[in-house]
Structures are given as C-alpha cells and as structure tokens.
Amino acid sequence: MSLLRSARFPAVLLLLAAAAGLVLANSPLRDAAFAVADAHLGIPGVVDLSVRHWISDGLLAVFFFVAAVELQFELTSGQLASARRAVLPAIAAAGGVLVPVALYLAIAGTPATSAGWPIPTATDIAFALGVLAVFGRGLPPAVRVFLLALAILDDIVGIVFIAVLFTSDVDTAMLLLAVVLVVVFAVCSRLLDTRARPIAIAGLAVSALGTWYAVHESGVHATIAGVVLGLVMAQQPAMRTRHAIEPWVNGLILPLFALCAALVTIPAVSAGELSPAFWGVLVALPLGKIIGIGLAGGLAQRILRVAPSERLAAGDLLAAGALGGIGFTVSLLLSELAFAGDPGIRDQATLGVLAGSAISLVAAGILVSWRAWHHRRRVPATS
C-alpha cells in the first residue's frame with residue numbers, strides 16, 4: 001500500500017493505463033473494449049449508467065473527495081492558510097488559466113469547437129507530484145510549496161468549471177435534498193469520536209451515497225458531490241479517511257478512468273484534417289501554461305514586491321508552467337463534458353489532452369531536472 005501512496009508509482013500507473021486504453025481502442029480488441037465501456041448497469045427506474053459513466057460520474061467522485069480533503073487542509077492549516085502565502089500562486093494560476101484559454105480560442109474559436117476552452121486550464125496533481133518526486137531532488141522548499149499551491153488552485157478552477165459550466169436543467173428539489181444530506185454528513189463526521197460512533201458511521205455511509213444520488217439527479221455533475229463532502233467533513237476524520245482510501249484512488253479509480261477516457265480511435269486523416277479542438281488543446285496545454293504561469297508569476301513577484309532573495313527564478317517559474325501543462329485527469333473529464341454531444345470532436349480533444357500532456361511531461365522532466373541540478377550545485381557555494 002505504501003507504493004500506492006508514493007508520488008512516483010501512481011503517476012507511472014496512470015501513464016500506463018492511458019497508453020493501454022489508446023492501444024486497445026486501436027487494436028482488433030476495440031469492439032470488445034467499447035462494448036464493455038458502453039454496457040449499462042444499474043437499478044431500473046432509479047439509476048442506469050454505462051460502465052464509462054459509472055467510472056467518470058461515480059468512482060471519480062471519490063477522487064474528488066480526496067482532492068477536496070487535501071484542499072480543505074491546505075486552506076485551513078497548510079500552504080494556502082494565509083492570504084499572503086496564497087496570493088503569488090493564485091496570480092500565477094490565473095495566468096495559467098487565462099493564457100491557455102486565449103490560445104485555445106485563437107486556434108479553435110469556431111462555433112463547433114469553442115466549447116472546449118476549459119479543457120487546457122487544469123493541472124493533474126498526481127502527475128505533477130510524480131515528476132517532482134522523480135526529477136526534483138534538490139529543489140528548495142519554496143519552489144515545492146509554490147508548485148503544490150499552484151496545482152491545488154488549478155484543481156479548484158477545474159472543479160468550479162465543472163460545477164458552473166456543465167450544469168443544466170437543475171432539479172431544485174433534488175439539490176435541496178443534497179444540501180440536507182450534506183449537513184447530515186457533516187454532523188455525523190463530528191460524532192465519530194463520541195459514543196455515537198456506530199450510528200455516525202452508518203449515517204456517513206447513507207448520507208454520502210444519498211448525496212451522490214441527489215446531486216446526480218439534480219443535473220449538477222455528480223463529482224461535485226465528492227468535492228462538497230470532502231470540504232465539510234471534520235478535518236481529522238477526513239484526513240484519516242483520505243489516508244485509508246488513497247491507495248484505492250491511486251491504484252484503481254484513476255487508472256480505470258485513464259483507461260476508459262483514453263479509449264479513443266485515432267482518426268485515419270492527415271494533420272490538416274484534424275479538428276481545431278485537437279490543435280487548440282495540443283498547443284494551449286504546454287505552451288499556454290508555460291507562458292501564462294511564467295509571465296504571471298514573474299509579474300506578481302514584482303507587484304507584490306517580493307524580496308530578491310525570496311523570489312523564484314525565471315527558470316523555476318518555467319518549470320512550474322511545464323508541470324501545469326500536464327492536464328490529464330481533470331482535462332480528460334472536461335473534454336468529455338465539453339463535447340458530450342459530439343463524440344467525434346470529443347475524441348480528438350481527448351487526443352489533444354493526451355498529446356499535450358505528454359509534451360508537458362517531457363518538458364517538465366527536462367526543466368525540473370535542470371532546476372534541481374542548478375539548486376544542488378549552488379548548495380556547496382552557499383554553505
């Protein structure tokens with residue numbers, strides 16, 4: 001289990017799962033793979049989803065719960081607990097959202113593909129931390145703190161986009177029921193260390209499942225249920241729960257999602273015939289993030305008058321930008337949501353996410369290695 005809690009192995013597992021999905025979708029086994037992904041499971045008259053949607057709407061809610069618990073900790077006790085520490089990465093994250101959006105719209109701003117503008121705004125924390133663990137030995141703590149805060153803030157942006165942009169025909173009654181169940185969940189989490197623990201555990205299970213169902217039926221994307229539950233749960237029980245389910249998220253849920261999301265048939269067309277959505281995501285993820293985070297981060301340090309001795313060097317900001325371009329998990333989900341009504345464009349946007357993230361992964365490995373070497377070399381001279 002410790003292997004699945006490390007930063008390196010889950011990132012490798014995600015990469016292998018995505019590669020396996022792409023290979024399956026373009027092999028003689030593709031019909032069988034798509035048949036399994038599109039098979040429907042559920043309770044007639046209550047909920048009936050395809051395997052693909054059970055993974056993206058159901059299991060992925062658990063991933064978002066874990067991410068929300070981490071976010072709650074950082075906002076209350078961690079790197080984002082004070083406005084002073086959060087301002088710099090927040091400005092850099094804003095640049096890392098606005099520039100990719102502008103690049104995407106410049107390339108794919110047509111009526112058929114403009115809906116994909118949120119896709120290149122996300123950062124995959126698992127991959128970012130994995131690259132840091134593999135290549136970042138010797139990076140100073142200030143750089144690591146900035147990168148972690150940046151990745152968390154990017155996740156917040158992705159969550160907000162999912163909640164706001166991809167919600168339609170809201171069922172108010174179901175949404176109110178979800179709110180009530182969230183309150184029940186929050187109360188039960190605060191009774192876990194009392195004599196009412198057995199009742200509290202049962203209440204947590206029932207209210208969590210009920211919240212997911214109510215959110216799903218309300219018209220809001222079901223993963224938001226995981227976000228809300230992770231934010232309202234009492235912190236100590238939430239951290240214990242996160243620790244317990246993290247190996248399952250890293251070893252099963254995220255690889256399954258990557259495998260399923262990457263089930264995309266590569267179109268047998270020339271480069272000129274590929275959708276603008278593909279090119280928009282391909283360019284906006286690596287280039288947009290590097291430019292946006294690098295420029296905004298550098299500008300923010302000057303505006304905030306950060307002391308020269310405490311400033312992040314331009315190279316560190318570029319490395320952070322490259323890490324930010326590894327969109328993967330959340331970008332794949334945004335791709336699925338943005339083009340849900342057009343499978344052809346959705347598949348090409350997904351290919352753009354995979355290719356753009358791969359380019360960012362290589363660039364991040366090179367830049368992070370360079371910056372780590374640079375900082376390691378400076379240590380003897382300053383000691």
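- With hydrogens and angles ignored, the 3.5 Å screen pairs no side-chain donor or acceptor of Ser218 with any backbone N or O of Val170.
- Looking only at side-chain heavy atoms (C-beta outward), Leu15 and Leu361 come within less than 4.5 Å of each other.
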Step by step, work out the side chain to side chain donor-acceptor pair (under 3.5 Å) result for His375 and Asp316.
CA-CA 10 Å; His375 288 293; Asp316 295 330; 3.1 Å; yes

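- The two atoms that bring Ala25 and Thr265 nearest to each other are O-OG1, 3.5 Å, heavy atoms only.
- In this structure, the side chains of Phe64 and Ile162 come closer than 4.5 Å at one or more pairs of heavy atoms.
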Step by step, would you call Leu150 with Thr123 a side chain to side chain contact (heavy atoms under 4.5 Å, CB included)?
CA-CA 9 Å; Leu150 185 70; Thr123 294; over 6 Å; no

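- In terms of modelled atom types and a separation under 3.5 Å, the side chain of Arg311 and the main chain of Val306 share a donor-acceptor contact.
- In this structure, the side chains of Leu334 and Leu165 stay at 4.5 Å or more apart for every pair of heavy atoms.
- In this structure, Asp57 contributes its side chain and Ala222 its backbone to no donor-acceptor pair below 3.5 Å.
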Kindly indicate, with the supporting measurements, whether the criterion side chain to side chain contact (heavy atoms under 4.5 Å, CB included) is fulfilled by Thr113 and Tyr104.
CA-CA 10 Å; Thr113 57; Tyr104 178 88; 4.0 Å; yes

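- In the hydrophobic clustering of this structure, Ile119 groups with Ile107; members are Ile, Leu, Val, Met, Phe, Trp, Tyr whose side-chain heavy atoms approach within less than 4.5 Å, directly or through other members.
- From Phe135, atom CZ reaches atom CG of Leu367 across 11.5 Å, with rounding to the nearest 0.5 Å.
- Neither Leu259 nor Leu333 shares a network with the other; the hydrophobic side chains, linked directly or stepwise wherever heavy atoms of I, L, V, M, F, W or Y lie under 4.5 Å apart, form separate groups for each.
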Show the numbers, then the answer: is there a side chain to side chain contact (heavy atoms under 4.5 Å, CB included) between Ile293 and Val99?
CA-CA 9 Å; Ile293 291 172; Val99 174; over 6 Å; no

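- A 4.5 Å side-chain heavy-atom check between Ile159 and Ile224 finds at least one atom pair inside the cut-off.
- Using a distance-only test at 3.5 Å, with no hydrogens or angles considered, a donor-acceptor pair links the side chain of Arg376 to the main chain of Arg137.
- A single hydrophobic cluster is seen to contain both Val157 and Trp117, as judged by linkage of ILVMFWY side chains at heavy-atom distances under 4.5 Å, directly or through other members.
- Put simply, Leu105 and Val164 are part of the same group of oily side chains (I, L, V, M, F, W, Y) that touch within less than 4.5 Å, one to the next.
- A donor-acceptor contact shorter than 3.5 Å is absent between the side chain of Lys289 and the backbone of Ala322.
- The shortest distance between side-chain heavy atoms of Leu312 and Gln301 falls below 4.5 Å.
- Side-chain atoms of Glu246 do not come within 3.5 Å of backbone N or O of Val66 as any donor-acceptor pair.
- In this structure, Ser335 contributes its side chain and Ser331 its backbone to no donor-acceptor pair below 3.5 Å.
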Start with the C-alpha distance between His216 and Leu49, add both sets of side-chain angles, then the distance that settles side chain to side chain contact (heavy atoms under 4.5 Å, CB included), and finish with yes or no.
CA-CA 11 Å; His216 179 269; Leu49 301 174; 3.6 Å; yes

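- For CH2 of Trp248, the number of neighbouring non-hydrogen atoms (other residues, nucleotides, ligands) closer than 6.0 Å is 12 at most.
- The structure places OG of Ser275 at 5.0 Å from CD1 of Ile345, a figure rounded to the nearest 0.5 Å.
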Run the numbers on Thr329 and Asp124 for side chain to side chain donor-acceptor pair (under 3.5 Å), then give the verdict.
CA-CA 6 Å; Thr329 307; Asp124 191 293; 2.3 Å; yes

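- Using a distance-only test at 3.5 Å, with no hydrogens or angles considered, no donor-acceptor pair links the side chain of Arg302 to the main chain of Gly298.
- In this structure, the side chain of Arg30 engages the main chain of Ser27 through a donor-acceptor pair within 3.5 Å.
- Within 6.0 Å of atom CD1 in Ile199, 12 or fewer heavy atoms from other residues, nucleotides or ligands are found, so the atom counts as exposed in its surroundings.
- Counting non-hydrogen atoms of neighbouring residues, nucleotides and ligands closer than 6.0 angstrom, the NE2 atom of His40 exceeds 12 such neighbours.
- Between the side chain of Ser207 and the backbone N or O of Leu204 there is at least one donor-acceptor pair closer than 3.5 Å.
- The closest side-chain heavy-atom distance from Trp54 to Leu59 is not below 4.5 Å.
- If you take OG1 on Thr121 and CG on Leu285, they are separated by 8.5 Å, rounding to the nearest 0.5 Å.
- Between Trp212 and Phe65, the ring center distance fails the sub-6.0 Å criterion.
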